[in-house]
2 protein chains.
Amino acid sequence: MSTAGLARTRVRRADIVAAALELFADKGYLATTMDDIGRAVNVRGPSLYKHVTSKQDLLVEIMESSMATVLRDHAVAVGSTDDVADQLRRAVEAHVRFHARHRLEAFVGTRELRHLSDGNRAAMAARRRDYERGFRVLVERGVAEDRFRVGSVRLTTYSLLDMGVGVSVWFREGEEFSVDEVAYRYGDLAMRLVGAA
Amino acid sequence: MSTAGLARTRVRRADIVAAALELFADKGYLATTMDDIGRAVNVRGPSLYKHVTSKQDLLVEIMESSMATVLRDHAVAVGSTDDVADQLRRAVEAHVRFHARHRLEAFVGTRELRHLSDGNRAAMAARRRDYERGFRVLVERGVAEDRFRVGSVRLTTYSLLDMGVGVSVWFREGEEFSVDEVAYRYGDLAMRLVGAA
DNA sequence: CCTACCGATCGGTAGG
DNA sequence: CCTACCGATCGGTAGG
């Protein structure tokens with residue numbers, strides 16, 4: 001009776017993080033309880049503390065690992081060519097691909113920034129600014145090299161970034177567009193925005 | 001001693017809503033307590049219930065009044081001309097103006113949607129979809145009338161909307177751009193996106 | 001408009 | 001991995 005052999009008995013840390021991600025995205029960090037997360041992996045809330053030191057830790061892990069992913073993808077995209085227009089196009093494609101593939105991480109990343117502890121938030125905010133600077137630098141160089149024509153580097157950069165971030169809100173795998181299709185189309189839109197089309 | 005004549009004694013409902021708006025934007029709805037709001041208007045938390053029926057009510061009031069504002073501005077913009085390109089341009093300008101002028105309302109409006117009670121959330125979500133449909137219809141008509149050339153009506157519409165929403169995140173009165181400047185520039189960007197420039 | 005307070009929730013710890 | 005539980009917080013009410 002007691003060992004009825006329900007579902008998974010063994011809880012891995014990765015399962016906990018995955019469950020937390022989904023709950024944070026759905027209900028928000030503050031509204032998600034350790035019991036909620038436990039329930040999603042078939043244990044009681046307190047049992048989670050064998051694998052995790054705090055709820056905050058889960059948020060930090062989610063944010064840091066996804067930030068590492070975008071930064072790496074961005075570096076690869078920009079490093080793959082010397083042509084500014086191609087660099088910007090590929091950077092936008094990578095940006096969009098990330099926001100489509102890792103919707104929830106992206107969503108939580110921007111939505112829950114304020115619920116990181118002070119130290120963690122400062123560090124994450126700095127990395128986010130670095131990421132944004134990467135795009136601004138590309139737009140600036142494109143203008144300097146006479147490849148782009150923009151009204152304002154700053155506004156154009158914000159637009160490129162915000163368009164891509166928006167993808168994480170509506171994108172669903174297996175619907176009208178594939179990840180690649182969305183990436184390519186946003187790459188085209190980016191070229192129009194900078195006047196390089 | 002007791003009547004040292006501190007600051008405001010009379011608390012108006014509008015002051016409470018304004019204080020709630022700022023706190024919701026800064027800390028988030030769940031993280032804001034009635035005591036926080038009370039402190040901002042120089043009363044104790046429980047005293048607020050003389051003017052307000054619940055914390056939820058404050059959120060509803062903020063969201064409904066700002067939604068009414070955008071919808072009205074949008075209608076005026078679209079109704080001011082018959083030319084699709086001008087209509088879209090003015091709709092985008094109105095959209096951006098709203099997100100610049102009412103940054104906090106816009107911010108709270110998208111960020112705290114999930115903390116509305118079920119009925120309220122459904123109603124607000126429906127009005128938001130109506131608003132978005134207004135833009136999609138304009139893009140569609142522009143394409144049908146051969147004024148716009150877009151890869152995907154849906155993605156282009158999302159881009160236009162998301163760019164404008166992004167303004168509420170970074171815009172600050174009295175910095176590099178005025179509200180009107182930002183609106184005009186985003187109007188130009190919109191024309192580029194739909195291939196009408 | 002205030003103090004006192006209820007009832008419920010929640011992160012995390014104790015101690016198996 | 002669980003139950004019991006601590007300590008703190010919070011929305012809202014009572015009753016002036």
Side-chain angles (χ1 to χ4, degrees), chain A residues 1-21 23-24 26-62 108 112 114-121, chain B residues 1-21 23-24 26-62 108 112 114-121:
Chain A
M1 216 69 114
S2 60
T3 54
L6 279 165
R8 71 195 76 172
T9 336
R10 185 153 192 84
V11 174
R12 287 170 309 124
R13 190 187 158 89
D15 296 329
I16 296 171
V17 175
L21 171 60
L23 286 160
F24 290 168
D26 184 43
K27 306 157 66 91
Y29 177 73
L30 288 186
T32 299
T33 70
M34 290 303 271
D35 277 326
D36 289 334
I37 300 172
R39 200 173 306 119
V41 294
N42 292 312
V43 297
R44 305 289 162 191
S47 303
L48 296 173
Y49 290 90
K50 268 287 153 193
H51 305 88
V52 161
T53 55
S54 68
K55 186 174 136 180
Q56 173 75 200
D57 242 44
L58 285 168
L59 184 58
V60 170
E61 171 148 343
I62 288 168
V108 170
E112 307 294 355
R114 70 177 133 199
H115 295 124
L116 285 175
S117 64
D118 291 335
N120 287 329
R121 187 175 54 253
Chain B
M1 216 68 112
S2 59
T3 54
L6 278 166
R8 69 196 76 173
T9 335
R10 187 154 190 82
V11 174
R12 288 171 308 124
R13 190 186 158 89
D15 295 329
I16 297 171
V17 176
L21 170 60
L23 286 160
F24 290 168
D26 183 45
K27 307 158 64 92
Y29 177 73
L30 288 186
T32 298
T33 70
M34 290 304 271
D35 277 326
D36 289 334
I37 301 172
R39 201 173 305 120
V41 295
N42 291 314
V43 296
R44 305 290 163 190
S47 303
L48 296 173
Y49 290 90
K50 268 287 154 192
H51 305 87
V52 161
T53 55
S54 68
K55 187 174 133 179
Q56 173 75 199
D57 242 45
L58 284 168
L59 184 58
V60 170
E61 171 148 344
I62 288 167
V108 169
E112 306 294 355
R114 70 176 133 201
H115 295 124
L116 285 175
S117 64
D118 291 337
N120 287 329
R121 188 175 54 253

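What you see below is based on every heavy atom in this structure, not just the backbone, and it leaves out hydrogens, waters and symmetry mates.
Between C:dC1 and B:K50, no contact under 4.0 Å exists linking OP1 or OP2 to a side-chain N or O.
B:L48 places its CG atom 9 Å from the P atom of C:dC1, with the value rounded to the nearest Å. D:dA14 atom P lies 13 Å from atom OH of B:Y49, rounded to whole Å. For the pair B:L23 CG and D:dC10 P, the computed distance is 13 Å after rounding to whole Å. For the pair B:L30 CG and C:dT9 C1', the interatomic distance rounds to 12 Å; values are reported in whole Å. Rounded to whole Å, the distance from CG on B:L58 to P on D:dG12 is 9 Å. As rounded to whole Å, 5 Å separates atom P of D:dC1 from atom NE2 of A:H51. Distance OH (A:Y29) to C1' (C:dC10): 12 Å, rounded to an integer number of Å. For the pair B:I37 CD1 and C:dC1 C1', the computed distance is 17 Å after rounding to whole Å.
The A:R44 side chain lies nearest to D:dT3 when the options are D:dC1, C:dG12, D:dT3. Of the listed nucleotides (D:dG11, C:dC2, D:dC2), C:dC2 has the atom at the smallest distance from the side chain of B:V43. Of the candidate nucleotides C:dG12, C:dC1, D:dG12, C:dG12 has the atom nearest to the side chain of A:P46. If you check D:dG11, C:dC10, D:dC1 against the side chain of A:S47, the one that comes closest is D:dC1. Picking from D:dC2, C:dG11, D:dG12 the nucleotide with the shortest atom distance to the side chain of B:K55 gives D:dG12.
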Under the side chain to side chain contact (heavy atoms under 4.5 Å, CB included) criterion, do A:V43 and A:I16 qualify, and how do the steps go? CA-CA 10 Å; A:V43 297; A:I16 296 171; over 6 Å; no
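Shown here for A:E112 and A:G28, the closest heavy-atom pair between the two residues is OE2-CA, 3.2 Å.
Searching all strands for a Watson-Crick or G-U wobble partner of C:dC5 with both distances below 3.5 Å returns D:dG12.
For the pair B:I37 and B:F24, the minimum side-chain heavy-atom distance is below 4.5 Å.
For the residue pair B:T53/B:D57, the side-chain donor-acceptor check at 3.5 Å is satisfied.
Among the atoms of the strands shown, none is found under 4.0 Å from any heavy atom of A:T53.
Judged by distance alone, the side chain of A:K55 and the main-chain N or O of A:Y29 form a donor-acceptor pair under 3.5 Å.
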